[in-house]
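Below is one structure, written out as structure tokens, with a few remarks after it.
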Amino acid sequence: MAVDRLLFPRPETPRVYVERTPVEGTCPECGAAALARYPVANYLGPRMTVKCQECLYAISVTRPEPEDHWPAWRAPAHDWPASRVG
């Protein structure tokens with residue numbers, strides 16, 4: 001049910017952060033084995049990224065899946081196909 005995405009309680013911590021899920025592999029840029037997957041907001045809209053936690057090289061940037069719960073709220077027509085103009 002989508003109701004949980006509409007409620008935004010006041011944060012209980014002084015700083016807001018996202019959980020970074022460790023990912024297996026090594027960074028192609030610096031060779032570190034410290035990769036993590038987490039949500040970001042960028043010019044393309046909400047995305048999930050896998051980044052090196054040492055040099056911040058972006059390994060991948062993908063559209064979030066429903067189980068990612070990102071963004072916290074989605075428009076009802078988010079998954080609808082685009083209509084043709086004209």
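- Counting heavy atoms from C-beta outward, K51 and T49 have side chains that approach closer than 4.5 Å.
- Using a 4.5 Å cut-off between side-chain heavy atoms of Ile, Leu, Val, Met, Phe, Trp and Tyr, with links allowed through other members, Y57 and L35 fall into the same hydrophobic cluster.
- Under the 4.5 Å side-chain criterion, counting only non-hydrogen atoms from C-beta, R37 is in contact with D68.
- Between P46 and P39, every side-chain heavy-atom pair lies at or beyond the 4.5 Å cut-off.
- The shortest distance between side-chain heavy atoms of V50 and V61 does not fall below 4.5 Å.
- Within the 4.5 Å cutoff, no side-chain heavy atoms of E19 are placed close to those of Y38.
- The two residues I59 and P28 come nearest to each other via the heavy atoms CD1-CD, 3.4 Å.
- In this structure, C27 and C55 have side chains that are in contact, with non-hydrogen atoms separated by less than 4.5 Å.
- Here the closest heavy-atom approach between residue E54 and residue A32 is recorded as CG-CB, 3.5 Å.
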* Asked: Would R63 and R47 count as a side-chain contact (heavy atoms from CB on, under 4.5 Å) if you check the C-alpha gap in whole Å, the side-chain angles of each, and the deciding distance to 0.1 Å?
  -> CA-CA 5 Å; R63 292 182 138 255; R47 295 291 187 261; 4.0 Å; yes
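- If you chain together hydrophobic residues whose side chains sit under 4.5 Å apart, V18 and V40 fall into the same group.
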